[in-house]
Protein chains: 2
Amino acid sequence: MTTVEEPARPGGRIRDAARTKAEILDVATQEFARAGYMGARVDEIAARTRTTKRMIYYYFGGKEQLFTAVLERAYSVIRQAEQELDVEHLDPVAAIRRLAELTFDHHEAHPDFIRLVSIENIHEAEHIAASEVLGKLSSPAIEVIRRILEAGRASGLFTADVDAVDLHAMISSFCFFRVANRHTFGALFGRDLVAADQREHYRNMLGDMVIAYLTADRSAD
Amino acid sequence: MTTVEEPARPGGRIRDAARTKAEILDVATQEFARAGYMGARVDEIAARTRTTKRMIYYYFGGKEQLFTAVLERAYSVIRQAEQELDVEHLDPVAAIRRLAELTFDHHEAHPDFIRLVSIENIHEAEHIAASEVLGKLSSPAIEVIRRILEAGRASGLFTADVDAVDLHAMISSFCFFRVANRHTFGALFGRDLVAADQREHYRNMLGDMVIAYLTADRSAD
DNA sequence: TGCGTAATGTACGAACTGGTTCGTTAGTCA
DNA sequence: TGACTAACGAACCAGTTCGTACATTACGCA
């Protein structure tokens, strides 16, 4: 989330559509993530911006479209990260582990994004459905996983006939839950899943889990 | 969720505190799960009840306490289910698989509960913290897992030195994600994780994953 | 049977909230 | 340089929303 922060020429208003839009999106991302879609206040977003509520409606049309724009930008950040995945030079086991760790790191680094996704699910993904952009572009990570899995099966390392999307779901589950349900889990089990000193532990646990699943001896089943 | 449904004596109002309270909780559960905490409308809950908004404030004090009461009852349902866990007569591998499948089934059967938990996490578990009841009582499932893990390690079947709470988190992750993120995942990857004809597939996948993790050959690490 | 209290219903209000109306200003291009 | 338009601000409005004041009724018990 590129936080816009500029010297702000002190005398009166400056005209910069791009900056104003970006600033609104920054603040809106925080506010929606903080309070949920219905809990977020358009006035509050405006107040924390160097512009006014009028501009939100001028640029985005309304609360609904603003949230959609927030989601679009948030998703574009992961896609960017996924695009930079470069793990296919590794052997399949190392490649999958690396991919899992990158997913893990990305979730940890973007808790606001996780919250937005939770919120969007409460609303049954209606904003994603309404978005021109989001519906189409699928994740590059899936293709990467598909290729690694193929290589792993070809070399005999991977015993399981797993689908790439399913494996992605498995990896995401763990990463997502850890961040999204941090609070209830902590309150009920007295354990902070996102505690700094447990980070490596859970990161390894995820890798071990995925590799164990892919390389398990299926002859006993 | 025991839906209260009674013949409803046709002539005028009936006095039944327990029934009125239970009916409010039923409707409130639906409404909060549907729209989130901030999105839920007290008037709407009252309208869908055979009583009035006045009664909500009379019995629960306010929206906040009503939501807490909804959470308390929702969590008590899982605890009930967990209390009935009876898997320790099985060998450790079968016992863990059975436990994972029960968790899987419970999540699938209670989507409203999943939504409430997501919502409560958006609000950083503040209602759980405010609850007299919820903070203390921890899950019986943890003790069951602890015992199975011990037996598994003792018999040499389980290679991993896993903590019971961590394993619970692992199992819950997959089950929770599948239900909670159904909508965004479906919209983005074109796959319905809760499709009826894929149920067995994902149920097996979870079991395979957990067993593979617990019985993996760790000598290579 | 009458009385006290728990339970219930109605109507209302103050504060809030998304969205709009109307008017203003800065930049730019002919 | 002047006019045109994109960018912007202040005030306002209509509909909601949580919560309450006040009146009322059913039920248990003396």
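Just so we're on the same page: letters track the sequence lines, and every chain starts at 1. Quantities reported herein were computed from a predicted structural model and do not represent experimental measurements.
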### Query
If we ignore angles and hydrogens, is there a donor and acceptor under 3.5 Å between the side chains of E120(A) and T184(B)?
no
### Task
State, without any angle test, whether E64(A) and Y37(A) hold a side-chain donor-acceptor pair at a distance under 3.5 Å.
yes
### Query
So, is T51(A) near the phosphate of dA7(D), with a side-chain N or O under 4.0 Å from OP1 or OP2?
no
### T20(B) side-chain N/O to dT8(C) phosphate OP1/OP2 under 4.0 Å
yes
What is the separation between atom [atom1] on [X] and atom [atom2] on [N], rounded to the nearest whole Å?
{"X": "D16(A)", "N": "dG9(D)", "atom1": "CG", "atom2": "C1'", "result": "17 Å"}
{"X": "R50(B)", "N": "dG9(C)", "atom1": "CZ", "atom2": "C1'", "result": "16 Å"}
{"X": "I24(A)", "N": "dG9(D)", "atom1": "CD1", "atom2": "C1'", "result": "13 Å"}

### Message
According to ring-ring contact (aromatic ring centres under 6.0 Å, His included), who are the partners of H201(A), at least two apart in sequence or on a separate chain?
### Response
none
Which residues share a salt bridge (Lys or Arg N to Asp or Glu O under 4.0 Å) with [X], sequence neighbours left out:
{"X": "E31(B)", "value": "R34(B), R48(B)"}
{"X": "E108(A)", "value": "R178(A), R199(A)"}
{"X": "D192(A)", "value": "R182(A)"}

#### Entry: Salt-bridge present (R147(A), E143(A); N to O < 4.0 Å)
yes
### Task
Measure centre to centre between the rings of Y75(A) and F113(A), then say whether the value is under 6.0 Å.
yes
#### Entry: Sub-4.0 Å heavy-atom contacts from residues 53-66 of chain A onto DNA chain D, ordered by number
R54(A), M55(A), Y58(A), Y59(A)
### DNA chain C-proximal residues of residues 31-44 of chain A, any heavy atom under 4.0 Å
A40(A), R41(A), V42(A), D43(A)
